[in-house]
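Worksheet: one structure, shown below.
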Amino acid sequence: MSFHNFSRPLRVAAVALAATSVLAGCATSAGPSGNYATPIGNAPVTSNPTPYSTALYCLADYARRYNLPSPRMAVGRISDYTGSISADGGRQITQGASLMTNTALAKAGARIVERYDTSVSELELRYANNKLISDDQPNGAPEDAAYRRILAGQVPGSDFYVVGGITEVNYNIRSGGFDIAGGEVEAGGGSGLLTGKVFVMNIAIDLRLVQTTTLEVVDVVSYQKQIVGREISAGVFDFLNGNVFDISAGTSGMEPVQLAVRALVERATVEFMANLYGAPGPEVCLSPANDPLGGSPVGPTGGYYPAYANTETNNGQTRADPSRWHDRRDGDVRRGRY
């Protein structure tokens with residue numbers, strides 16, 4: 001067998017070997033900056049709002065405008081109780097709902113005391129109790145004044161705290177799609193394919209507001225949010241002069257699941273803080289007139305405790321309205337932070 005019969009396979013192997021060597025060199029040779037590769041992407045860090053963030057800002061402005069004191073708020077465990085696992089083995093739903101709640105309370109202008117992670121404070125308290133921590137003292141102060149004092153009542157207590165959990169994740173509560181294919185009947189003819197899919201899932205959260213001193217549950221909120229995903233793709237397969245061409249393109253997108261959790265948390269926080277501030281509803285953000293909402297303090301989202309004598313004008317009757325406090329659906333909500 002002549003060498004000519006091996007020429008083309010050898011050329012292909014040589015090209016493949018050369019390409020492999022180039023890739024290996026790119027992956028293992030550090031550049032002048034000390035990095036193997038420059039990370040791609042240059043998008044700036046941006047804020048992470050939800051459609052209910054504007055309402056939280058508005059509540060903070062409302063409380064400042066009318067000098068309404070915020071009770072001291074704390075956040076406990078808000079866990080994922082769904083147990084859902086993603087395909088790569090990690091949790092499907094965020095484990096950071098407690099952190100999101102702290103952020104939401106801050107947006108609403110609440111006074112927050114830390115109860116979720118007190119490890120540093122407890123460690124320093126133990127060190128201070130053994131006189132191992134010192135604070136800067138003015139010149140001329142007694143030598144033992146450098147030791148940090150432990151004073152009775154130096155840690156303020158909370159008035160209310162938020163606990164609860166993510167309680168539902170329902171996959172594919174509705175889906176649909178189409179699949180269209182066509183081609184020529186002759187041998188070597190081309191063919192085409194067009195597909196489209198859409199599916200809907202939802203998640204739900206149950207939170208409760210507890211009065212710290214009595215452990216009385218004074219407010220309960222339960223909300224769900226639906227999430228949509230879409231996928232469209234098209235492809236062409238054809239033989240041209242003995243060559244095979246397979247071309248395809250598509251696009252897909254899914255509403256962020258974790259951002260949906262943040263939206264649920266912020267919507268619930270709006271309701272909690274509106275109750276504690278005595279705000280009747282989203283009209284406080286724009287309209288000076290308070291329309292009577294009246295009725296029972298128990299609704300489809302759960303019961304609540306009227307913190308003030310405002311049962312005729314409080315926010316109990318409209319909690320289940322999906323457009324309420326939504327900056328794109330509720331015309332009473334201001335569209336900016338003032």
Side-chain angles (χ1 to χ4, degrees), residues 48-60 62-63 68-82 93-119 121 155-169 203-225 258-279 281-282 297-308 314-316 318-320 324-325:
N48 194 21
T50 76
Y52 305 100
S53 297
T54 301
L56 291 170
Y57 298 144
C58 172
L59 280 178
Y62 174 80
L68 300 174
S70 165
R72 284 191 291 262
M73 306 293 295
V75 179
R77 288 193 302 271
I78 301 177
S79 304
D80 169 26
Y81 292 102
T82 66
I93 305 299
T94 177
Q95 308 298 293
S98 295
L99 309 182
M100 295 178 181
T101 305
N102 269 303
T103 302
L105 288 171
K107 290 179 180 179
R111 299 169 61 193
I112 306 174
V113 293
E114 180 62 54
R115 294 295 184 269
Y116 185 70
D117 185 356
T118 60
S119 57
S121 296
V155 179
S158 65
D159 298 311
F160 299 93
Y161 65 92
V162 181
V163 288
I166 303 166
T167 50
E168 292 183 39
V169 54
I203 56 176
I205 195 169
D206 290 81
L207 297 180
R208 57 193 186 275
L209 184 67
V210 183
Q211 190 169 8
T212 306
T213 54
T214 63
L215 295 183
E216 181 183 6
V217 178
V218 298
D219 206 343
V220 176
V221 166
S222 177
Y223 283 130
Q224 68 90 29
K225 187 182 189 311
Q258 319 309 343
L259 186 59
V261 175
R262 185 181 296 275
L264 288 168
V265 167
E266 291 200 353
R267 172 69 189 274
T269 304
V270 166
E271 301 296 350
F272 287 152
M273 295 308 298
N275 183 28
L276 294 175
Y277 285 145
V298 177
T301 65
Y304 68 95
Y305 177 81
Y308 304 93
N314 58 20
N315 60 332
T318 56
R319 287 193 170 191
R324 187 170 183 263
W325 295 107

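What's counted below: heavy atoms across the whole structure, side chains too, no hydrogens, waters or symmetry copies.
In this structure, the side chain of D206 does not engage the main chain of G165 through any donor-acceptor pair within 3.5 Å. For Q95 (side chain) and I93 (main-chain N/O), a donor-acceptor pair under 3.5 Å exists by modelled atom type.
Taking every heavy atom of both residues into account, G278 and Y62 meet most closely at O-OH, 4.2 Å. Nearest heavy atoms, S53 versus P49: OG-CA, 3.4 Å. The minimum heavy-atom distance linking G281 with R324 is given by the pair CA-NH2, 3.5 Å. Across all non-hydrogen atoms, the minimal contact from D117 to E114 is N-OE2, 2.9 Å. Among all heavy-atom pairs drawn from R115 and A74, the shortest one is CG-CB, 3.5 Å. Minimum interatomic distance between V75 and S98 (heavy atoms only, all atoms of both residues): CG1-O, 3.7 Å.
Using a 4.5 Å heavy-atom cutoff, the side chains of P156 and R72 are in contact. In this structure the side chain of S70 reaches within 4.5 angstrom of the side chain of Y277, judged on heavy atoms. Side-chain contact check for Y52 versus T269: every heavy-atom pair is 4.5 Å or farther apart. Between L215 and Y161 there is a side-chain heavy-atom pair separated by less than 4.5 Å. Counting heavy atoms from C-beta outward, F272 and L59 have side chains that stay 4.5 Å or more apart. Contact annotation: the side chain of T94 never approaches that of R262 to less than 4.5 Å [non-hydrogen atoms, C-beta and beyond]. The closest side-chain heavy-atom distance from I78 to M100 is not below 4.5 Å.
Rounding to the nearest 0.5 Å gives a distance of 8.5 Å between CG of L207 and CG of L264. The distance from the OG atom of S158 to the CD atom of Q211 is 10.0 Å, given to the nearest 0.5 Å. Annotation: the span from M273 atom CE to D219 atom CG amounts to 11.0 Å, rounded to 0.5 Å. Atoms CZ and CD, on F160 and E216 in that order, are 9.0 Å from each other to the nearest 0.5 Å.
When the options T103, T54, T101, T50 are evaluated for a side-chain hydrogen bond (donor to acceptor under 3.5 Å, both in side chains) with E266, the one that passes is T50. For the side-chain contact (heavy atoms from CB on, under 4.5 Å) with M73, the lone residue among N102, L209, D159 that qualifies is L209.
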query = Could you go step by step and tell me if V163 and R208 meet the side chain to side chain contact (heavy atoms under 4.5 Å, CB included) rule?
reply = CA-CA 6 Å; V163 288; R208 57 193 186 275; 3.5 Å; yes
